[in-house]
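Okay, so here's the structure we're looking at.
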Amino acid sequence: MEPQSSNASRLLDAHGFLDRVIAELRVMQSPQKDTLVSVLQYLSDHIRTTRSEIGALRQGGNQPLFGNTTDELEEIITETARAAGSIMDAAEAIESVAATLGPPANGALMEAVTKIYEASAFQDITGQRITKVVGVLLSLEVKLASLTEAFGSLPEPPGAALQGDQALLNGPQLMKNASSQSDIDALFETLS
Amino acid sequence: MSLNKNMRVVIVDDYTTMLRILRNLLRQLEIENVEEANDGDTAFHLMQKFPPDLIISDWNMAPMTGLDLLRKVRADARLRHIPFIMVTAESKTENVIAAKQAGVSNYIVKPFNADTLRAKIASVCGVAA
C-alpha cells in the first residue's frame, strides 16, 4: 500500500491538473469545447465541495474527531458503575437488617433486595453497549482521518469554536477535567 | 435432593458489578464458598490450584473470552468434568451453538433473574430446582 501522503499529493495534483485543463480548454476556439468544459468544471467543483465538507467534519486544531465523545461515553460507564456500586451497598445493608427481622417483613425485604440485585445488571449491559459504540466511533475516526489526509490541507471548519453563551454550554465535565466543590468555592472566594 | 451449599464456585466477569450481583444471588442460595476472577486467565489459574465444583463465566472478556476459558477447561483433564454455566449478553443463536459445541453445561442470557440462576445451577448439578 502507498503512503497516505503520496495519495494526498496525487489527489491535489489531479485536482490542480483538472483546473489547468479547464483553463486551457476555455481559451480554445473549438465550438465543441463547451460541453467538455462544463463536465470538467462540475467535477472540479464537486472535488472542492467535498474537500470543504470533510474539512467541516473536523474539530478545531488537531483534535481527534470523536475524542471527546468517546471520553464522554467512557465516563458514562464509570459513572454507572459507581452508581450501581452504591445501589448494591444500600441493598446489602437492607439485606443484613432483613436477616434480623421475622416474617413477613424479612421475606418482603429479601424479595425486594433480590430485585435490586437483578436490576443492577443494567450497568453491565449498558457498559457493553457503550463499549461497542466507542469501538464504532474509533473506527470511523480512523477512516475519516485517512480521507482527510487524502485531501491534503483543508480549510478550518466554520464555527468550530463556539462563541459567547453557546461556548459555555458544555454539559457535565469529564472527571479528569472537573473542578471539585472546594475548587469552585475557592475560585468563588477569589471572585467576590 | 437439594443444592450442595458447600460447593465451591468460581465466578468470572470483567464487570465488578456483575461479580457482586452473582456473589449476592449465590449467597441468597446459601452458597458462600465463592471465588471471583476478573478475567479468564486469572480464573483458569484459580481452578488449576483448586478445582471448583461449578464455574459461572461471562463470555465477552479480553484477552481471554469466556469461550476460550470454556475450551481450556474442557481440554484440561482435571477440570473437564466441572459444570460450566455461561452468563452473557451474547444471545445470538450462533453464540449458543458455539458454546454448546465447546461443551458448555448451560447458558444464561443477561439480564437474568435469581430464579433462572437457581434453576440453571440445579440443572447442571443434577438436582431439583
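Just the heavy atoms: all of them, side chains too, but no hydrogens, waters or symmetry mates, feed the values below. Every chain is numbered from 1, with letters handed out A, B, ... down the list of sequences. These numbers come from a predicted model, not from an experiment.
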Under 4.5 Å from any heavy atom of chain B, what part of A:T131 do you find: side chain, backbone, both or neither? side chain
Nearest-0.5 Å distance that lies between atom OG1 in A:T80 and atom OH in B:Y15: 8.0 Å
A:E118 side chain vs B:P111 backbone, donor-acceptor pair below 3.5 Å: no
Any link between B:L67 and B:V124 through a network of hydrophobic side chains (Ile, Leu, Val, Met, Phe, Trp, Tyr) touching at under 4.5 Å? no
Indicate, with yes or no, if A:I87 and A:I94 share a hydrophobic cluster defined by side-chain heavy-atom contacts under 4.5 Å among Ile, Leu, Val, Met, Phe, Trp and Tyr. no
Under 4.5 Å between side-chain heavy atoms, counting indirect links through other Ile/Leu/Val/Met/Phe/Trp/Tyr residues: same cluster for A:F122 and A:I76 or not? no
Engaged part of B:N113 at the chain A interface, taking heavy atoms whose separation is under 4.5 Å: both
Other residues, nucleotides and ligands only: do more than 12 of their heavy atoms fall within 6.0 Å of NZ on B:K5? yes
Cluster check B:I85, B:V10: I/L/V/M/F/W/Y, side chain < 4.5 angstrom: no
Residue B:H81 excluded, over 12 heavy atoms near NE2 under 6.0 Å: yes
Once rounded to the nearest 0.5 Å, what's the spacing between atom CG of B:D14 and atom CD of A:Q128? 7.0 Å
Heavy atom to heavy atom, less than 4.5 Å: which residues from residues 33-42 of chain A reach chain B? none
Mind checking which of residues 17-24 of chain B sit less than 4.5 Å from chain A, heavy atom to heavy atom? B:T17, B:M18, B:R20, B:I21, B:N24
For atom CD of A:E111, is the number of surrounding heavy atoms from other residues, nucleotides or ligands below 6.0 Å larger than 12? no
Is the number of heavy atoms from other residues, nucleotides or ligands under 6.0 Å of A:R48 CZ greater than 12? yes
Path from A:M88 to B:I11 over hydrophobic side-chain contacts below 4.5 Å: yes
